[in-house]
K.L.:
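The structure is given below, and queries will be raised subsequently.
Just so you know, ligand 1 is whichever comes first in the structure, and atom 1 is the first atom listed for that ligand. As a basis for the values below, the full set of heavy atoms in this structure was taken, side chains included, without hydrogen atoms, waters or symmetry mates. What you see is a predicted model, and the numbers here were worked out from it, not measured in a lab. In what follows, residues are counted from 1 in the order of the sequence shown.
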Amino acid sequence: MQSTHQDSLERFLAGLRRRNPGEHEFHQAVEEVAVNILPFVAERPQYEHKRILERMTEPDRIIIFRVCWEDDEGNIRVNRGYRIQCNNSIGPYKGGIRFHPSVNLSILKFLAFEQTFKNSLTGLPLGGGKGGSDFDPKGKSANEVMRFCQSFMTELHRHVGPDTDVPAGDIGVGSREVGYLFGQYKRLTNRFEGVLTGKALEFGGSHIRNEATGYGVVYLMENVLQRCQEELEGKTCAISGAGNVATHCAEKLIERGAKVLTLSDSSGFIYDPEGITQEKLEWVKELKNERRGRIQEYAEHFGCEFSEGRPWKVPCELAFPCATQNEMEEPDVRTLVRNGCQAVAEGANMPTTPGAIEVLREARVLHAPAKAANAGGVAVSGLEMSQNSVRIRWNREEVDEHLQRIMSEIHDQCVEFGEHGEYVDYMRGANIAGFRKVAHAMLAYGVM
Ligand code: NDP
Ligand code: 2IT
């Protein structure tokens with residue numbers, strides 16, 4: 001039986017690689033899912049005969065366009081823009097926009113594919129999509145970023161809409177960029193509608209959306225620990241990243257009495273053995289969101305260590321990768337395990353390499369995958385869409401209550417499909433629970 005599953009996995013992946021040559025991140029994301037879904041599907045012929053997983057790995061459509069803009073010196077710059085509309089079986093396409101020089105088709109296809117499962121897990125009517133550009137916001141003036149966003153939306157606006165496709169932020173796209181993008185959409189269409197989420201409160205944003213991904217990661221971790229009769233208070237934590245997800249993950253951990261030791265950016269990490277306080281975190285937010293500086297300045301300002309590389313060599317009980325894909329590799333995880341790390345929750349999308357996941361599994365370290373752990377962001381985006389549709393605003397407490405409930409329901413779905421004796425394979429649980437809902441809808445629609 002085992003070898004039949006292995007054969008069908010290899011056949012499936014060979015086809016995927018042939019159809020999508022060189023798209024390594026996309027192959028990686030699909031393999032992580034297929035390894036759980038193919039055996040599940042094999043026992044349920046209604047899925048297998050309809051080739052649901054094959055259909056899910058072929059996006060509904062991919063839009064690629066030129067983004068032309070003028071820099072402050074008057075030079076004409078050309079970037080490439082993308083929107084991957086992966087699957088709208090259970091709701092309008094939904095997912096972030098990433099501005100980073102590494103952006104390419106493979107990265108956006110992996111993100112859109114993952115998003116489809118994640119959005120399904122939230123229990124909300126959200127399909128999966130992702131977009132972005134190879135534009136690098138680092139070192140650009142606010143005016144340059146504005147002109148780029150306006151040009152990007154000038155093409156994108158014809159492909160999106162509140163019932164069609166609703167983008168949001170991701171790496172390099174925060175509330176400033178969402179403001180520019182929304183403003184341009186409104187100007188071009190003459191419509192004020194919920195076409196983007198992550199908007200500021202003054203123009204249709206939701207309370208807690210800014211905090212939701214990081215807070216959600218911590219709520220999910222809280223559920224994981226509670227199941228083992230443990231709690232966050234007093235736990236030592238390592239976090240990578242210093243952006244939206246990392247800082248709000250740190251904020252909620254601090255509030256819960258955990259000790260946050262690290263933050264990082266692409267230049268290196270700071271290690272604050274005293275623990276990062278809320279006051280220091282406010283300073284980091286100002287550094288990153290206003291002055292757009294480097295995390296090294298924290299070490300200079302507060303007098304602690306800065307080192308190049310990743311923070312995973314700092315001994316910790318809990319680890320939260322919150323920067324980018326494949327930032328936690330096998331040697332990193334071996335160090336974490338040796339240092340007694342008990343659990344990892346992924347704030348970033350696909351931060352852990354396949355080899356690293358295997359090490360975590362063998363060491364029985366609890367591992368909450370991105371689809372489950374960082375779904376709080378898109379969940380509150382879904383709540384922002386609901387509020388926009390009926391033109392109301394819920395208060396902070398109401399949205400936070402919804403977020404906590406959704407994260408706890410995601411946890412329970414992972415346990416339902418991932419329980420393996422004492423150990424929970426959260427990855428398997430998230431994959432199967434996310435797949436089922438989308439697959440049921442696809443079956444209902446017939447072949448398309
Ligand atoms: P931000 O742009 O706010 O922050 C990104 C952080 O990660 C920065 O500190 C950045 O450092 C660091 N980083 C980015 N790329 C690299 C790299 N190649 N190597 C090392 N460090 C890197 O993004 P977010 O916090 O929004 O996103 C972080 C992760 O969370 C991403 O994987 C994203 O897909 C995921 N995510 C985000 C959600 C959201 O709501 N924003 C929702 C769910 C997931 P530097 O400034 O030096 O580039
Ligand atoms: O990866 C993600 O879930 C996001 N970047 C957030 C997507 C959203 O639509 O809020």
Side-chain angles (χ1 to χ4, degrees), residues 25 91-103 107-108 110-119 121-122 124 126-132 136-139 165-178 194-199 205-206 208-217 239-250 263-270 284-285 287-289 292-296 298 308-311 320-328 346-352 369-385:
E25 293 84 359
Y93 305 109
K94 180 84 195 89
I97 292 182
R98 177 177 292 191
F99 291 164
H100 193 272
S102 64
V103 162
I107 288 179
L108 294 181
F110 113 64
L111 288 163
F113 179 73
E114 287 256 310
Q115 196 81 45
T116 303
F117 289 76
K118 182 196 305 188
N119 293 3
L121 279 173
T122 65
L124 300 172
L126 303 168
K130 200 85 186 189
D136 185 359
K138 274 202 199 80
D165 184 355
V166 183
D170 194 79
I171 292 178
V173 178
S175 64
R176 176 182 69 171
E177 291 73 21
V178 169
V195 67
L196 284 154
T197 59
K199 301 184 293 298
S206 173
I208 305 277
R209 174 60 190 91
N210 194 33
E211 298 89 339
T213 311
Y215 282 14
V217 174
I239 301 180
S240 65
N244 175 282
V245 181
T247 52
H248 293 108
C249 175
L263 286 172
S264 74
D265 59 24
S266 56
S267 311
F269 70 94
I270 57 104
V284 174
K285 287 189 199 170
L287 170 79
K288 286 291 173 185
N289 300 331
R292 305 204 177 251
R294 310 301 300 156
I295 200 67
Q296 181 164 12
Y298 180 104
E308 286 183 0
R310 301 165 178 164
F320 299 88
C322 295
T324 194
Q325 64 274 355
N326 293 329
E327 56 161 323
M328 206 181 236
E346 299 182 346
N349 286 308
M350 205 170 73
T352 320
K371 300 181 183 75
N374 73 27
V378 77
V380 175
S381 279
L383 303 178
E384 183 173 332
M385 288 162 69

K.L.:
Which one holds for R209 and ligand 1: side chain close, backbone close, both close, or neither close, with close meaning a heavy atom under 4.0 Å?
P.N.:
side chain
K.L.:
Could you walk me through whether E327 and M350 pass side-chain contact (heavy atoms from CB on, under 4.5 Å), step by step?
P.N.:
CA-CA 9 Å; E327 56 161 323; M350 205 170 73; over 6 Å; no
K.L.:
Would you please determine whether A242 falls within less than 4.0 Å of ligand 1 on a heavy-atom basis?
P.N.:
yes
K.L.:
So, K130 side chain and Q115 main chain: donor-acceptor pair closer than 3.5 Å or not?
P.N.:
no
K.L.:
Starting from atom 9 (O) of ligand 2, which protein heavy atom do you reach first, and at what distance in Å?
P.N.:
K94 NZ, 2.6 Å
K.L.:
For R310, state whether at least one heavy atom is located under 4.0 Å from any atom of ligand 1.
P.N.:
no
K.L.:
Against ligand 1, does R294 come closer than 4.0 Å with any heavy atom?
P.N.:
yes
K.L.:
Which one holds for N349 and ligand 2: side chain close, backbone close, both close, or neither close, with close meaning a heavy atom under 4.0 Å?
P.N.:
side chain
K.L.:
Output yes when the distance from some N or O of ligand 2 to some N or O of N374 is under 3.5 Å, and no in every other case.
P.N.:
no
K.L.:
What is the closest protein heavy atom to atom 2 (C) of ligand 2, and at what distance does it sit?
P.N.:
K118 NZ, 3.2 Å
K.L.:
Please confirm whether R209 comes under 4.0 Å of ligand 2, counting heavy atoms of the residue only.
P.N.:
yes
K.L.:
Answer side chain, backbone, both or neither: which part of T213 comes under 4.0 Å from ligand 1, heavy atoms only.
P.N.:
side chain
K.L.:
Quick one: nearest non-hydrogen protein atom to atom 4 (O) of ligand 1, plus distance?
P.N.:
G243 CA, 3.4 Å
K.L.:
Report the nearest protein non-hydrogen atom to atom 27 (O) of ligand 1: residue, atom name, distance rounded to 0.1 Å.
P.N.:
I171 CG1, 3.7 Å
K.L.:
Applying a strict 4.0 Å limit to heavy atoms, is G214 in contact with ligand 1?
P.N.:
no
K.L.:
Show me which atoms of ligand 2 lie under 4.0 Å from any heavy atom of A168.
P.N.:
8 (C), 9 (O), 10 (O)
K.L.:
At a 4.0 Å threshold, what atoms of ligand 2 neighbour a non-hydrogen atom of K130?
P.N.:
1 (O), 2 (C), 4 (C), 5 (N)
K.L.:
What is the closest protein heavy atom to atom 3 (O) of ligand 1, and at what distance does it sit?
P.N.:
N244 N, 2.9 Å
K.L.:
Show which atoms of ligand 2 fall inside a sub-4.0 Å distance from at least one heavy-atom site of S381.
P.N.:
8 (C), 9 (O), 10 (O)
K.L.:
In plain terms, say whether K94 and D165 are close enough for a salt bridge, that is, a side-chain N and a carboxylate O under 4.0 Å apart.
P.N.:
no
K.L.:
Sub-3.5 Å donor-acceptor pair from the side chain of E114 to the main-chain atoms of L111, do we have one?
P.N.:
no
K.L.:
Can you pull out the closest protein heavy atom to atom 31 (C) of ligand 1? Residue, atom name and distance to 0.1 Å, please.
P.N.:
A323 O, 3.4 Å
K.L.:
How far is atom 47 (O) of ligand 1 from its nearest protein heavy atom, and which residue and atom is that?
P.N.:
S266 OG, 2.5 Å
K.L.:
With heavy atoms of G347 as the reference, note each atom of ligand 1 found under 4.0 Å away.
P.N.:
30 (O), 35 (C), 36 (N), 44 (C)
K.L.:
Given that the side chain starts at C-beta and the backbone is N, CA, C, O, which of these parts of C322 lies under 4.0 Å from ligand 1, counting heavy atoms, or is it both or neither?
P.N.:
backbone
K.L.:
Is atom 29 (C) of ligand 1 touching the protein, meaning some protein heavy atom lies under 4.0 Å away?
P.N.:
yes
K.L.:
Test of understanding: given a 4.0 Å heavy-atom threshold, classify the contact between A168 and ligand 1 as side chain, backbone, both, or neither.
P.N.:
neither
K.L.:
Is G169 in contact with ligand 2, taking contact as a heavy-atom separation below 4.0 Å?
P.N.:
yes
K.L.:
Indicate, as side chain, backbone, both or neither, the part of H100 found under 4.0 angstrom from ligand 1 when only non-hydrogen atoms are considered.
P.N.:
side chain
K.L.:
I need the nearest protein heavy-atom contact for atom 33 (C) of ligand 1: residue, atom name and distance, please.
P.N.:
D170 OD1, 3.2 Å
K.L.:
Could you check atom 7 (C) of ligand 2 against the protein and tell me its nearest heavy-atom contact, residue, atom and distance included?
P.N.:
G96 N, 3.5 Å
K.L.:
Is the closest heavy-atom distance from R98 to ligand 1 below 4.0 Å?
P.N.:
yes
K.L.:
Using a 4.0 Å cut-off to any heavy atom of G95, which atoms of ligand 2 qualify?
P.N.:
7 (C), 9 (O)
K.L.:
Give a yes/no on ligand 1: does K138 have at least one heavy atom closer than 4.0 angstrom to it?
P.N.:
yes
K.L.:
Going by the atom numbers of ligand 1, which of them fall below 4.0 Å from some non-hydrogen atom of T324?
P.N.:
15 (N), 16 (C), 17 (C), 18 (N), 19 (N), 32 (O)
K.L.:
For A348, take its heavy atoms, then give the atoms of ligand 1 lying under 4.0 Å from any of them.
P.N.:
29 (C), 30 (O), 32 (O), 35 (C)
